[in-house]
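So you know, we letter chains A, B, ... as the sequences are listed, proteins then strands, and number each from 1.
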Protein chains: 2
Amino acid sequence: MPQPPLYEQIIADVMAAVRAGTLKPGQKLPSIAELREQYESSAWPVRYALRILEERGWIVTRQGKGSFVANEPPA
Amino acid sequence: MPQPPLYEQIIADVMAAVRAGTLKPGQKLPSIAELREQYESSAWPVRYALRILEERGWIVTRQGKGSFVANEPPA
DNA sequence: CCACATTTGTCCGTATGTATC
DNA sequence: AGATACATACGGACAAATGTG
């Protein structure tokens, strides 16, 4: 079994945190710099994951501000 | 007025081609290398655009094969 | 099975621009 | 003006899947 790519792990982690209520609607996610440290990675997987999460409706991202859990995240 | 980013242009072009029937369901899109030449860009905007198009259900991408118009692309 | 070319997948570092505070 | 944070884009590296011979 191949290990999943890091960005998939980040996506899964955020979704799990939202489902668990650890991250609540409207709440700010850690910055990309912080997520880089947390995952000990470059910005690439972090940005990639956030973009996909946004496409899927889990978060909204605002330049200069940060990423926030969507008001009505998917189930 | 800021010009739109290149990857947005690529997304719009593919969507327009699908809507117009220039690209039909199941049909193979040009490879990333070809799209790079076409847009005189690096791989980045092309990959980015294709990934978003896939998230939005317009195309499916298969490693080693290429990208193809989805069987039932969105309206 | 092996070799090879083609194509997409994942990831890094860097640069520059834009938005917010 | 400065600090923080995200946005777009380039170049490169190596991996993995596919198809052909």
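To the nearest 0.5 Å, atom CG of residue Leu23(A) and atom CD1 of residue Ile59(A) are 10.0 Å apart. The structure places OG of Ser67(B) at 9.0 Å from CG of Leu53(B), a figure rounded to the nearest 0.5 Å.
For Phe68(A) and dT20(C), the CZ to P distance is 11 Å, given to the nearest whole Å. Rounded to an integer number of Å, the gap from Ile52(A) CD1 to dC11(C) P is 10 Å. The nearest whole Å value for the distance from the CD1 atom in Ile59(A) to the P atom in dA5(D) is 15 Å.
A single hydrophobic cluster is seen to contain both Val18(B) and Ile32(B), as judged by linkage of ILVMFWY side chains at heavy-atom distances under 4.5 Å, directly or through other members. Val46(A) and Trp44(B) fall into different hydrophobic clusters, where Ile, Leu, Val, Met, Phe, Trp and Tyr residues are linked whenever their side-chain heavy atoms come under 4.5 Å apart, directly or through other members.
Looking at Glu8(B), its side chain never comes within 3.5 Å of a backbone N or O of Pro5(B) through a donor-acceptor pair.
In this structure, Arg19(A) and Met15(A) have side chains that are in contact, with non-hydrogen atoms separated by less than 4.5 Å. The shortest distance between side-chain heavy atoms of Ile52(A) and Arg51(B) falls below 4.5 Å. Contact annotation: the side chain of Leu29(B) approaches that of Val14(B) to within less than 4.5 Å [non-hydrogen atoms, C-beta and beyond].
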*Quick one: what's the B/S/- string for nucleotides 6-16 of chain D, heavy-atom cutoff under 4.0 Å, read 5' to 3'?*
BBSBBS---BB
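End-to-end axis angle of the helix from dC2(C)-dG21(D) to dC21(C)-dG2(D), using five pairs per end and rounding to 10°, comes to 20°.
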